[in-house]
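This report refers to the structure that appears directly beneath it.
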Amino acid sequence: MENQVADKKKRYKNDLTRGLFMILFLVISRFVSIGVLMIAVFQFLCTLIVGKPNHNVMRFGKDLSFYEAKIIQFLSYNVEKKPWPFSPWP
């Protein structure tokens with residue numbers, strides 16, 4: 001009986017911890033969205049001025065999209081592994 005209570009408390013604590021991380025990654029996801037908007041505007045302006053998009057910014061945008069996908073997978077309970085900064089950058 002005591003083991004069941006201890007297991008419930010541990011599971012409850014783990015669920016609360018995950019919930020806090022989920023809130024954190026929801027906030028981070030909003031910042032990522034702002035970053036994507038800034039990248040899109042910058043690339044559009046680059047294309048207008050220079051005639052082609054900036055390849056370094058393209059690479060960063062690709063990495064950012066993979067990062068956003070990892071956040072969505074974590075938030076939807078598809079993976080347990082927390083995204084960056086708790087694991088390597090994509």
For S76 and N78, work out which heavy atoms get closest and say how close.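 Scanning both residues completely, I find the closest heavy atoms to be OG-ND2, 2.6 Å.
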So which atom in Q43 and which in P53 form the shortest heavy-atom distance, rounded to 0.1 Å?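 Taking every non-hydrogen atom into account, NE2-CB, 3.7 Å.
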What's the verdict on side chain to side chain contact (heavy atoms under 4.5 Å, CB included) for S87 and K82, showing C-alpha distance, side-chain angles and the deciding distance? CA-CA 6 Å; S87 62; K82 295 174 203 69; 5.8 Å; no
Which distance, rounded to the nearest 0.5 Å, do you find between the [atom1] of [X] and the [atom2] of [Y]?
| X | Y | atom1 | atom2 | answer |
| --- | --- | --- | --- | --- |
| E80 | Q73 | CD | CD | 12.0 Å |
| K70 | S65 | NZ | OG | 11.5 Å |
| K52 | M58 | NZ | CE | 10.5 Å |

Should side-chain heavy atoms under 4.5 Å link Ile, Leu, Val, Met, Phe, Trp and Tyr, which residues sit in the same cluster as W89?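 Noted: W89 shares its cluster with F21, M22, L24, F25, L26, I28, V32, V36, I39, F42, V57, F60, L64, Y67, I71, F74, L75, Y77, V79, W84, F86.
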Would you please say whether a donor-acceptor pair under 3.5 Å links the side chains of N14 and R11?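 There is no such pair (donor and acceptor under 3.5 Å, judged by atom type) between the side chains of N14 and R11.
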Does R18 reach the side chain of D15, with side-chain heavy atoms less than 4.5 Å apart?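 When only atoms from C-beta onward are counted, D15 and R18 do not touch, as no gap falls below 4.5 Å.
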